[in-house]
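Structure, as structure tokens:
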Amino acid sequence: MSHKAIANYNPAEIEGRWQAKWEADGLYCSDVDPSRPKHYALTMLPYPSGDLHIGHWYAMTPSDARARFMRMRGYNVLFPIGFDAFGLPAENAAIQHNIHPKVWTYRNIERMRKQLRTMGAMFDWRREAVSSDPEYYRWSQWFFSMLYKHGLAYRKMSPVDWCPNCNTTLAREQVWGEDRHCERCGTPVTKKNLEQWFFKTTAYADELLKYDQIDWPERVRVLQTNWIGRSEGAAVYFTTEQGDTIEVFTTRPDTLWGATFMVLAPEHPLVARLTSTEQREVVEEYIQQTLRQSDIQRESAEKEKTGVFTGGFALNPVNGRRIPVWIADYVLMTYGTGAIMAVPAHDERDFAFALKFGLPILPVIDRPDGLTKSYAVAGSMRPGFLPALKAAGIPCEEQDGAVKVTMPAEKTQAYIEIAKEHLNEGYWNEIVGSQWLFLFDNGIWEWESPESEARILSRCKEMAPNVAFARTLMEMLWGNEFYRDALFHTEYGAMIHSDRFSGTPGDTAKPQVTQWLETERKGKHAVNYRLRDWLISRQRYWGAPIPMIYCAECGEVPVPDEDLPVLLPDDVEWKPTGESPLKLHPTWRHTTCPQCGGPAERETDTMDTFMCSSWYHLRYLSPWYRQGPFEPAEFDYWMPVDTYTGGIEHATMHLIYTRFFHKACRDMGILTGDEPMLQLRNQGMVLGEDSEKMSKSRGNVVAPDNLVNAFGADAVRAYLMFFARWDQGGPWSSGGIEGVIRWLRRVWAMVLEPGRGQADASTIRGLRRKVHQTLRAVTRDFNEFEFNTIVSALMELLNEMSKAKQLGAAGTSAWDEAVDVYLRMLAPVAPHISEELWAQLGKPYSIHTQSWPEVDEEAAREDEITLVVQVNGKVRDRIAVSADISEEEAKTRALASEVVQKYLEGRAPRQVIYVRGRLVNVVA
RNA sequence: GCCGAAGUGGCGGAACAGGCAGACGCGCACGACUCAAAAUCGUGUACCCUCCGGGUAUGUGGGUUCGAUUCCCACCUUCGGCACCA
């Protein structure tokens, strides 16, 4: 080694210097250039919480590396940044520190801008957008007006989730967990009834379910699909005895004949009219009780069904059966129509309800597997019952003095014969193929119509005048575990006990019944969604004011476009009182009606911040533009977003909203294209060293600023790419980053320390092979977002290059090529050290505007391969052979192996398998 | 309960057409340099056995195949989402 001293790798010195130069040179400014293909790389915009978290680095620096890679591949890359600056945390933090939310927010933004610059990311800061700037929220308001004018925004009184701590309404998506707590502060939510603004997301439910134009992770697509929750079925019209229509939604119209009662949500509008005088008191009490309960109580672990009978009846439209109408809190006013037909034989919840309140259970769907079930109680059996069943080959088991029988349909007749002989008369019953058979007096009585239910009960009484028997029978019927199993199932089998539809096979039952309902005008095909319209009203200060005016004469009037933005006043009491702070401002809400000029009042609620973040990728295109939300020429060139990166936690919120927003804007003629973001990739989460989620209270927070000071941004970037699969994340390791630091120091030394000597041809050939093989792997991994293997491949190549240098490769053209390619591959990962080394080698500024190298396939080709020789699938030998060896030659060489001969013991192989360039498997 | 993902050394992870399991890094052990330590460099490091050479290993049990971490079936565990959704 040379004695000439080289400077040590000092990231603190070189990183600041290059960042300043890149900034001054506008190296990362991206402008419209139709002569080059564009690539819009977007990373989710941060909330200005005050400090850049390691999670921000984990999300952004690999995204930056990929954007840089795309740039070197010849794309004109846009990689913008901004701040999602409105929202609750600003107010919460402001309350704590008694500082105005605006001051708090902009102070944080200033701080985070500085921190973001230390990443060395290729952000185009000219395009920065801040959602709380009036120039930004002016257009958030404009979009609101557009949605309103196109009938996609509407106002209604509705019960909403309310956080008593934050004193605000929450979107459904902001209520988390089993105990239904506030996403922000963790407080359990309650309900409140308010006039609220909604966007009609449900109008796009079906289109949102289509993912054929986008390359998004399966995981996100599944989450969105479940969130939207499309159910297909039928709407069916029941009629009350008062003559009102109750519409229900069901996914199982084929079970309509089994509807033995109805249940309405306690809040259902028809409850009052249905309730009989006798029941009025209990019904009202139940409703009061339901309302008093918070959601936590209502959905607590105790799943015991509650409910009360209204005293009213309705008619089942398919068979005219008069069925009782109940109310129960397991029926939700917020899903479907708030009313259900209850089919206890084929719906678990209805079954539980029927068991508890003794309501009839009528199976109307046969078991598709054809198995029948029976049950005989102790005391009813004459000796020999069990042996007789076994002799007949009928599967049965004895348990708790009872006999359970599960038999195939074809054994039914045999079973009945045996039962007649061996069971005491009048003491048993069974279910065969979902048909109730009562065997009394050695005769069979089939329950084939609902009316026979009453006949059975009266017959029971006849037979057992002391009523005890009837009681026992009922317990067996409703309360016994086996009978549950026999009675209740949710499969799709042939219809039974369903008049003309009896016998209809399970696979066609639903469409046939639906068709018939439509022709009879008793119902229609219907689709229901779990997704609800997007509630955007917030009774908070720090948000974009909803640009609406209420006039006594003209009603709702949107603020005219030329009057936008509706400015958020600074002199407001922003501490939460439960009222919208803007309502308490002395003058702000008073205005004049844009239509009639009379006195009017402004809407005092502000918008959900997800509204602001639904279109920020559009504002990035031209934050300077004043004639619209974005400059058309910029849109036409850059949109749609090619690569969107961010956290999975936005799968059912932001990522649904922004797709809805884009589609709505398309239909309003504001923009073109069906999808805003073509490709989505999610990163995982960085955990603390204790494998727990990082939190201040746990004291396991890793602060990126400290790391950057200690090791440099390049090392932090590289370690974040290396330490885990990017989409998975994992625990931080302070030992792990040391390994990456060592690697960068070795790169530094390898490039700068002079080497000497003359390497032989095979060293040179080997060096070039490794370089180009690595290039191939790194290129692929960048395309696939597999950052961890990029770093390991570069480490591996460094090891190889160090060896080659020892062997005297330095100074050759192959060495120069290797270093050149190495630095280019390193540039996206570690932009500072690669730029510095590039400059020290006297290469033209900047490495980041260089092109990505091309793989030299000839150089990457293997000359010699290790042929693996297996005997019966086990590796027994390895032979070095030429890479272009023929199949015949390979097999011959393998069979000639001494080891193989040993295992063959002189026998001829039964089969010899050859996998080109890899192995020979000798099957003995 | 329903939907989804994942289980590989002491640890993070690799294996990208079904074809050498454990790349790369951390940690650990030994060695070199040093008065010494740190740093750096080198060597080794899945487990078991008699250490020549074998055997066993990718959550568990089956299956397909000449050959399975990879494909199929069942189960177990962990994580994430939804949850009385009719």
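Note: hydrogens, waters and symmetry copies are ignored here, and every other heavy atom, side chains too, is used. Chain A is the first sequence line, chain B the second, and so forth, proteins listed ahead of strands; every chain is numbered from 1. Bear in mind that the values here come from a model prediction, so they are computed numbers and not experimental data.
The phosphate of rA83(B) has neither OP1 nor OP2 within less than 4.0 Å of any side-chain N or O from N226(A). Side-chain nitrogen and oxygen atoms of R742(A) include none within less than 4.0 Å of the OP1 or OP2 phosphate oxygen of rA39(B). Between S231(A) and rA86(B) there is a side-chain N or O to OP1 or OP2 distance below 4.0 Å.
The side-chain tip of R717(A) does not point at the ring of W57(A) from less than 6.0 angstrom away and within 45° of straight on.
Rounded to the nearest Å, the gap between the C1' atom of rA37(B) and that of rU45(B) is 25 Å. The same atom, P, is picked in rC11(B) and in rA46(B); the two are 14 Å apart, to the nearest Å. For the C1' atoms, the distance linking rU8(B) with rG59(B) amounts to 10 Å, nearest Å. rG19(B) and rC84(B) are spaced 46 Å apart, taking the P atom of each and rounding to whole Å. For the C1' atoms, the distance from rC66(B) to rU60(B) is 26 Å, rounded to whole Å. For the P atoms, the distance linking rG80(B) with rA29(B) amounts to 36 Å, nearest Å. Taking atom P on both rC48(B) and rG9(B), the two are 14 Å apart, rounded to the nearest angstrom. Distance check on atom C1': rA15(B) versus rU64(B) gives 22 Å, rounded to whole Å.
For rG9(B), the glycosidic angle deviates from 0 by 90° or less, giving a syn base.
The distance between atom CZ of F357(A) and atom C1' of rC84(B), rounded to the nearest whole Å, is 14 Å. When rounded to the nearest whole Å, the span between CH2 of W743(A) and P of rA23(B) equals 19 Å. The NZ atom of K874(A) sits 11 Å away from the P atom of rA21(B) (whole-angstrom rounding). For the pair W732(A) CH2 and rC26(B) P, the interatomic distance rounds to 15 Å; values are reported in whole Å. For the pair L797(A) CG and rG25(B) P, the computed distance is 12 Å after rounding to whole Å. Atom CD in E692(A) sits about 13 Å away from atom C1' in rC79(B), given to the nearest Å. What separates OH of Y529(A) from P of rC82(B) is a distance of 21 Å, to the nearest Å. One interatomic measurement links the two molecules: OH of Y330(A) to P of rC84(B), which rounds to 13 Å at whole-angstrom precision.
Using a 4.0 Å cut-off between charged side-chain N and carboxylate O, E857(A) and R776(A) make a salt bridge. No salt bridge links K891(A) with E889(A); every basic N to acidic carboxylate O contact stays at or beyond 4.0 Å. Ion pairing between a basic and an acidic side chain is recognised when a charged N comes within 4.0 Å of a carboxylate O; E796(A) and K770(A) show such pairing. With respect to R681(A) and D215(A), a salt bridge is recorded, a charged nitrogen being found less than 4.0 Å from a carboxylate O. Electrostatic pairing of E304(A) and K356(A) counts as a salt bridge here, judged by a charged N lying under 4.0 Å from a carboxylate O. Remark: E862(A) engages R769(A) in a salt bridge, criterion side-chain N to carboxylate O under 4.0 Å.
Mapped onto RNA chain B by nearest heavy atom, T251(A) and Y914(A) fall at different nucleotides, with Y914(A) at the one closer to the 5' end. In terms of position along RNA chain B, the nucleotide closest to G739(A) lies nearer the 5' end than the nucleotide closest to the other residue of the pair R252(A) and G739(A).
In this structure, R221(A) reaches neither bases nor backbone, as no heavy-atom distance under 4.0 Å exists between it and the strands shown. Contacts of D350(A) with the nucleic acid, taken as non-hydrogen atoms under 4.0 Å apart, are absent. If you check every strand for non-hydrogen atoms under 4.0 Å, G229(A) touches nothing. At a threshold of 4.0 angstrom between heavy atoms, the contacts of R876(A) are confined to the sugar-phosphate backbone, with no base atom among them.
In this structure, of rA86(B), rC84(B), rG54(B), it is rA86(B) that holds the atom nearest to the side chain of D347(A). The side chain of R745(A) approaches rU40(B) more closely than any other nucleotide in the set rC20(B), rC82(B), rU40(B). The side chain of V222(A) lies closest to rG4(B), out of rU56(B), rG4(B), rA86(B). The side chain of R219(A) approaches rG4(B) more closely than any other nucleotide in the set rA86(B), rG4(B), rC24(B).
In this structure rU58(B) sits in no base pair that meets the Watson-Crick or G-U test at under 3.5 Å. Summarising the base pairing, rA68(B) is matched to no nucleotide, lacking a Watson-Crick or G-U wobble pair whose two defining distances lie under 3.5 Å. Look at rC11(B): its Watson-Crick or wobble partner, with both distances under 3.5 angstrom, is rG25(B). In this structure, rC16(B) makes no Watson-Crick or G-U wobble pair, since no nucleotide meets both defining distances under 3.5 angstrom. Across all strands shown, rA5(B) forms a Watson-Crick or G-U wobble pair, both distances under 3.5 Å, with rU78(B). The nucleotide rU50(B) finds no pairing partner, because no Watson-Crick or G-U wobble arrangement with both distances shorter than 3.5 Å includes it. For rA32(B), the paired base is rU40(B) (Watson-Crick or G-U wobble, both distances below 3.5 Å).
Checked against the 6.0 Å centroid criterion, the rings of F722(A) and W743(A) do not qualify as a close aromatic pair. Aromatic pair Y657(A)/W534(A): centroids less than 6.0 angstrom apart. F787(A) and F69(A) have their aromatic ring centers separated by at least 6.0 angstrom. The aromatic ring centres of W732(A) and Y719(A) sit less than 6.0 Å apart.
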Under-3.5 Å N/O pairs linking protein and nucleotides 62-73 of chain B:
{"unit_1": "rC66(B)", "atom_1": "O2", "unit_2": "N921(A)", "atom_2": "ND2", "d": "2.3"}

Pull out every protein N or O sitting under 3.5 Å from an N or O of nucleotides 7-17 of chain B, one pair per line with the distance.
{"unit_1": "rG12(B)", "atom_1": "O2'", "unit_2": "F723(A)", "atom_2": "O", "d": "2.2"}
{"unit_1": "rG13(B)", "atom_1": "O3'", "unit_2": "N788(A)", "atom_2": "ND2", "d": "3.1"}
{"unit_1": "rA14(B)", "atom_1": "OP1", "unit_2": "N788(A)", "atom_2": "ND2", "d": "2.9"}
{"unit_1": "rC16(B)", "atom_1": "N3", "unit_2": "E786(A)", "atom_2": "OE1", "d": "2.9"}
{"unit_1": "rC16(B)", "atom_1": "N4", "unit_2": "E786(A)", "atom_2": "OE1", "d": "2.3"}

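Atom CE of M750(A) has more than 12 neighbouring heavy atoms from other residues, nucleotides or ligands inside a 6.0 Å radius.
Ring-plane geometry between W726(A) and F785(A) is classed as parallel, the angle between the planes falling under 30 degrees on a 0 to 90 degree scale with a further cut at 60.
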